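Working notes, structure below.
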Amino acid sequence: MSESSPRHPSGRSNQSSTSFPFSAPREDPAPRVNGILSDSSGSVDPVRRSPSLSDRKPPMTVVTRFAPSPSGSLHVGGARTALFCWAFARGRDGRFVLRIEDTDRKRSSEAASLGFMTDLDWLGIGWDEGPVHGDQGGGGHGPYFQSERLSIYTELLERLVAEGKAYHAFDTAAELDAKRKAAREAKQAYRYDRAALELSADEVAAKLAAGEPSVIRFRTPDAPITITDEVLGEATLPAGEVDDFVIRKADGFPTYHFAVVVDDAMMEVSHVLRAQEHFSNTAKHIVLQDALGFERPVYGHLSLIFNPDGSKMSKRDKDKTLRAAVRERGIDAPPIDAAGEPVVTAEVWAKWMGDKTVQLELESLEAAAALLDVALPEINVSDFRRSGYLPEALCNFLALNGWSAGDDLEKFDLEFLAGNFGLDRVQKTPAKFDRDKLLAFNLDAIQAMDADGFHDRARAHAEVFHPVFLERLDEAQFRVLCDASRERSKTLDEPFRTNRFLVAADDEITWTVSKPVRKAMFKGEPTGLALLESILPSLEASEAFDAATLEATITAFAEARADGNLGRIAQPLRIAVSGGPISPPIFDTLAILGRESVVARIRGCLEALLGEA
RNA sequence: GGCCCCAUCGUCUAGUCAGGUCCAGGACACCAGGUUUUCAUCCUGGGAACAGGGGUUCGAAUCCCCUUGGGGUCACCA
């Protein structure tokens, strides 16, 4: 890792010294401008050039990796890590590797692996090497599932034992737990006491031969360990701080620490970018690398992403939200679904309610939330997708949590990120995830689209999440809805979520007399209801029923009957056809609905509300 | 509790490494006006931060120390 010293983070040396070897770094704001969405001119990208001139040795290929464990779903924190790894490698003509860490057989699932890949794909984060998915993946350093690499680990594990650098241990879980508990009560950090080292070689052999369950522990050298990190700087852990940790579990699988070190070395990973929760683990990885004779990669630990309230953003937040809602409403049984079945058994429900560490299956959780009409927080990438966020807006926003481009620049695309991302501008402090700002970014991205672009994206979103709109609306109607919605939508989901009345049957519309409804229908002279009644014949008689014709008809009506105040008739119409005071622009709304529905709904509305006056 | 790390508006952050151009800039949110057929946009303006205390220096948001606060970790999870 000759390229970097602790005080000169690789990100900067790569960028500045490469571009301007003989002048002071960080001049020339031009590159910053290049990647902005509005400017796609082909000027030279500062980081895509060949490696540093000062580096005489053959340039080291930058290789980063994203290595999720396939349990649950890709959440935004993981997505950001992947994004940074991707950008770092891509901006340096390196390779980005995806590796699935499925050494915990109980928690891993194939579906989760697939989900991770789908999410990464959707975000636009492609991997050069890894599991094959669509047209990505493959590579010469596989397999990329750790569960398929067992023989590699076993060989190395045995070597370590043979060299006396690791040893078998037979302590039971109960024994260990008791010692841990005692340490905790004594207010001390637990360290493995090396009980297994008391055993003679013969005793070990005998126990092994007898098939007694055992793990392999690494014999950690008794010396301080210094971690060098490109983001956090240097930190030295005192001798004894890292104990003899387990490197092979009783089931024969390596632990995370062992597998990660072996795979990173074998896959030639040069830069390990991961979440800060791994910082202390790095000490373990370093001693392991030394014992195995591996070169150390460059480390960069990224700060965590938090909820606005300062708690760590986690998959459990969904359980937390639902549990709080259930408790608040005093519900004590699992909700019953449409088929008359409870979403989970009463036992599971009770256990879940009583223990905040218990999680419901995501499917059951979401089913229960839907039945109870509880909005679950968006945590996973797929949640944001379903909510109608654009991948480019999500990526842009995610990049801003923990990194900045400088120069007050905050709107950029993936290519800009790749071209400018460096560890020198990575934030050390945790970031609270601000959904309001994400939403504002999404709105801006949507408003920057042209009508065709929005239509295509909205259509693709509807196909997956709101197929009913494509069934009930023909292409022309759908197009009107898109055009009417683009500049008022913050998400791709909004045109559908807020306009369900468009696909409802006419007799499904109901009218509740809320404050705005009262104002529009019952106030004024004549009242809204009266205006509604009097405009009905002209709507029934109107030759065409497109937005332009309707605008002419209704505006003329407003001139004649409402002092030219369009709102006095627009609002009653809106309420009549939608059931409430909110809809797209009224002429578009009526045009989408069509004459038959409009007339039917106005009649229904008059019937329902005339009695209320 | 041990060990390690961190600290600029409510939030994300620029500025910190090379101390003066910073009575601290941008964005989101918020507040006040304005535009608008509803909603949402949009426009204008406003309030809002260097955690505290000591040093060093002519000069500190920037360097050093302490305090306080926050975070990570201490698994046969990753």
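First the proteins, then the strands, lettered A, B, ... as listed; each starts at 1. Computed from a predicted model, the values in this text were never measured in an experiment.
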Across the strands shown, which category fits A/E241 at heavy-atom distances under 4.0 angstrom: base, sugar-phosphate, nothing?
base
Picking from B/C77, B/U38, B/C76, the nucleotide nearest the side-chain atoms of A/Q571 would be B/U38
- Task: Would you indicate what A/D251 reaches in the nucleic acid, counting non-hydrogen atoms under 4.0 angstrom: base, sugar-phosphate, or nothing?
- Result: nothing
Whole-Å distance, A/Q359 CD to B/C77 P, equals 17 Å
message: For a quick check of understanding: with a heavy-atom distance under 4.0 Å over all strands, which category does A/V215 fall into, base, sugar-phosphate or nothing?
response: base
RNA chain B nearest-nucleotide lookup for A/L400 and A/E410: closer to the 5′ end is A/L400
Taking only side-chain N and O atoms of A/Q427, does any of them lie within less than 4.0 angstrom of OP1 or OP2 on B/A14? yes
Among B/A78, B/C28, B/C3, the one nearest any side-chain atom of A/S69 is B/A78
Quick one: the side chain of A/R425 and the base of B/U13, do they pair up donor-acceptor inside 3.5 Å? no
- Query: Taking atom P in both B/A61 and B/G72, what distance in whole Å separates the two?
  - Reply: 31 Å
- Between the side chains of A/E378 and A/S387, does any donor sit under 3.5 Å from an acceptor? yes
Checking B/C3, B/A27, B/A40 against the side chain of A/K437 (C-beta onward), the nearest is B/A27
Original post:
If we take the P atom in both B/A27 and B/C66, what is their distance in whole Å?
Top reply: 39 Å
### Query
Do A/H285 and A/Y256 have a side chain donor and acceptor closer than 3.5 Å?
no
In whole angstroms, the gap separating P of B/C77 from CD of A/E277 amounts to 16 Å
Side-chain atoms of A/D436 come closest, of B/U73, B/U13, B/A29, to B/A29
**Asked** Is the shortest side-chain N/O distance from A/R217 to OP1 or OP2 of B/C76 below 4.0 Å?
**Response** yes
Taking a pair to mean Watson-Crick or G-U wobble geometry with both distances below 3.5 Å, B/C74 pairs with B/G1
pair_partner(B/A24), Watson-Crick or wobble, both distances < 3.5 Å, evaluates to none
Determine, for A/E101 against A/R99, whether the closest basic-nitrogen to carboxylate-oxygen distance falls under 4.0 angstrom. yes
Self-check item: Pairwise P distance, B/C64 and B/A18 [rounded to whole Å]
Solution: 10 Å
Q) On a plain distance test, is the side chain of A/Q276 in donor-acceptor contact with the base of B/G71 below 3.5 Å? A) no
Taken to the nearest whole Å, NE2/A/H257 to C1'/B/C77 is 9 Å
- Taking the C1' atom of each, how far is B/G47 from B/C42, in whole Å? 22 Å
Between A/R568 and A/T527, do the side chains contain a donor N or O and an acceptor N or O under 3.5 Å apart? no
Quick one: is A/S583 getting a side-chain N or O under 4.0 Å of the B/C39 phosphate, OP1 or OP2? no
Between CG of A/D177 and C1' of B/C74 the distance, given in whole Å, is 14 Å
Counting any heavy atom closer than 4.0 Å, what does A/H278 reach on the DNA or RNA strands: base, sugar-phosphate only, or nothing? base
### Query
Which part of the nucleic acid, if any, lies within contact of A/T236, taking any heavy atom under 4.0 Å across all strands shown: a base, the sugar-phosphate backbone alone, or nothing?
sugar-phosphate
Open item on the list: It should be established whether A/K490 places a side-chain nitrogen or oxygen under 4.0 Å from OP1 or OP2 of nucleotide B/C28.
Closed with: no
Polar side-chain contact A/R568-B/U37 base: donor and acceptor under 3.5 Å: no
_Using atom C1' in both nucleotides, what's the gap between B/A7 and B/C50 to the nearest angstrom?_
10 Å
Under a 3.5 Å limit on both distances, the Watson-Crick or wobble mate of B/G47 is none
| said: Need one value for A/A235: base, sugar-phosphate or nothing, where a base atom within 4.0 Å counts as base even if backbone is also close, heavy atoms only. | reply: sugar-phosphate
task = Would you indicate what A/P585 reaches in the nucleic acid, counting non-hydrogen atoms under 4.0 angstrom: base, sugar-phosphate, or nothing?
result = base
Within the 4.0 Å heavy-atom criterion, would you say A/L438 contacts the bases, only the backbone, or no part of the nucleic acid? nothing
Taking B/G26, B/C6, B/G2 as options, the one with an atom nearest any side-chain atom of A/T429 is B/C6
### Query
How are the rings of A/F258 and A/Y153 set relative to one another: parallel (under 30°), tilted (30 to 60°) or perpendicular (over 60°)?
perpendicular
Open item on the list: Hydrogens and angles aside, do A/S311 and A/D309 bring a side-chain donor and acceptor to less than 3.5 Å of each other?
Closed with: yes
Would you call A/R457-A/E392 a salt bridge at under 4.0 Å N-O?
yes
Testing B/U73, B/C77, B/C74 for proximity to the side chain of A/Y190, the answer is B/C74
Within the 4.0 Å heavy-atom criterion, would you say A/P516 contacts the bases, only the backbone, or no part of the nucleic acid? nothing
- Query: OP1 or OP2 of B/A78 less than 4.0 angstrom from a side-chain nitrogen or oxygen of A/T103, does that happen here?
  - Reply: yes
Between A/K519 and B/U38, does any side-chain N or O lie under 4.0 Å from OP1 or OP2? no
Taking B/A32 as the reference, what is the distance to B/G71 when you measure between their C1' atoms (whole Å, please)? 38 Å
Side-chain contact check for A/D444: nearest option of B/G26, B/C3, B/C42 is B/C42
Look at the side-chain N and O atoms of A/R191 and state whether any lies under 4.0 Å from the OP1 or OP2 oxygen of B/G2. no
Rounded to whole Å, the NZ-C1' distance (A/K428 to B/U8) equals 14 Å
Any strand, both distances under 3.5 Å, Watson-Crick or G-U wobble: B/A7 pairs with B/U68
Testing B/C4, B/G2, B/U13 for proximity to the side chain of A/F279, the answer is B/C4
A cation-pi test, strictly: NZ or CZ of A/R180 under 6.0 Å from the centre of the six-membered ring of A/Y190 and no more than 45 degrees from its axis. Yes or no?
yes
